[in-house]
Every structure is written in C-alpha cells, then in structure tokens.
Amino acid sequence: AVAHNESTDQTTLVIKWVWDTTIDAEEFSAAFLSYNQARFGTEDGAFSSGTQNCWTGDRVSCMVTNDEGTLWVLGPSRLIVSKVIQSLSD
C-alpha cells in the first residue's frame, strides 16, 4: 500500500510478504538486509530490535520479520513508521 499526504508531500510505502518456506524467508531476509544497507547505510541500532531492522536518515526504512512473513515500511519519519508498524501488529 502507498499513502501520500498532499499537505506535507510525504509518502509512506507498506509491503507485507508471506513466505511458503523458512528457506524462502531466510533468503529474502538476507537479500533485503543487504539492499537496505546499500541504500540507507548503517542500521540504526537504537531503532532496531530482535525482529525489527531499521535504517534512518532522510527516509526511514524498517523491516519486521516474524513467523508470518516480512513487513517493510518506508516512510518520512521514525514516528510515522513506528505508528504504521504498531497498527499492523495489534
């Protein structure tokens, strides 16, 4: 899903992948971690946890991996990305 706020000209992207096998999930996770590191640089350890990997800068990219799949939220701020992740976790 893509949400665009016209008044602030900010866009948030949300994608959830569901994997058929654990191997598929692990392969994707490794590749997507590499992609985020190449695009956004060093992972933000203060905003990451065991299942959540985040990169912050002019955009915020967070990847949440669990038994259900992989969730990716790309947004304009830590606050917005956190709210989206929380709303999808409830």
Side-chain angles (χ1 to χ4, degrees):
V2 176
H4 181 73
N5 183 329
E6 291 183 19
S7 64
T8 62
D9 195 32
Q10 294 178 325
T11 302
T12 301
L13 170 70
V14 180
I15 301 174
K16 182 166 185 179
W17 292 277
V18 178
W19 305 111
D20 293 329
T21 68
T22 303
I23 293 171
D24 292 342
E26 290 170 355
E27 287 177 359
F28 179 82
S29 181
F32 206 59
L33 284 168
S34 294
Y35 163 79
N36 275 288
Q37 289 170 351
R39 181 172 177 188
F40 301 107
T42 304
E43 185 177 335
D44 183 344
F47 194 40
S48 298
S49 67
T51 60
Q52 177 173 301
N53 303 86
C54 297
W55 296 261
T56 56
D58 62 329
R59 306 266 310 160
V60 176
S61 174
C62 284
M63 172 181 149
V64 180
T65 305
N66 59 34
D67 293 340
E68 296 176 11
T70 304
L71 173 68
W72 180 38
V73 181
L74 177 64
S77 71
R78 289 174 72 164
L79 178 64
I80 291 172
V81 169
S82 292
K83 285 184 176 185
V84 170
I85 292 170
Q86 182 61 40
S87 71
L88 295 172
S89 298
D90 292 339

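Below, each value reflects all heavy atoms present in this structure, side chains not excepted, and no hydrogens, waters or symmetry copies.
When side chains are defined from C-beta on, C54 does not count as touching V81, because their heavy atoms never get closer than 4.5 Å.
What you find for C62 and F47 is that their closest heavy atoms are SG-CE2, 3.4 Å. Taking every heavy atom of both residues into account, W19 and A25 meet most closely at CD1-CB, 3.5 Å.
Under the 6.0 Å cut-off for aromatic ring centres, F32 and W17 qualify, their centroids lying closer than that.
Separating the CG atom in N53 from the OG1 atom in T51 is a distance of 8.0 Å, to the nearest 0.5 Å. The CD atom of E43 sits 7.0 Å away from the CG atom of L33 when rounded to the nearest 0.5 Å. From Q52, atom CD reaches atom OG1 of T65 across 10.0 Å, with rounding to the nearest 0.5 Å. With rounding to the nearest 0.5 Å, the separation of CZ in R59 from OG1 in T12 is 6.5 Å. In this structure, OG on S61 lies 7.0 Å from OH on Y35, to the nearest 0.5 angstrom.
Side chain of N36 to main chain of R39: no donor-acceptor pair is present (N/O by atom type, distance under 3.5 Å, no hydrogens or angles).
Hydrophobic clustering (side-chain heavy atoms under 4.5 Å, transitive across Ile, Leu, Val, Met, Phe, Trp, Tyr) keeps I80 apart from W72. In this structure, I15 is not a member of the same hydrophobic cluster as V18, with clusters built from ILVMFWY side-chain heavy atoms closer than 4.5 Å. V64 and W55 are not part of a single hydrophobic cluster, where members link through side-chain heavy atoms under 4.5 Å apart.
None of L74, L71, V73, L13 except one satisfies the side-chain contact (heavy atoms from CB on, under 4.5 Å) rule with V84; the exception is V73.
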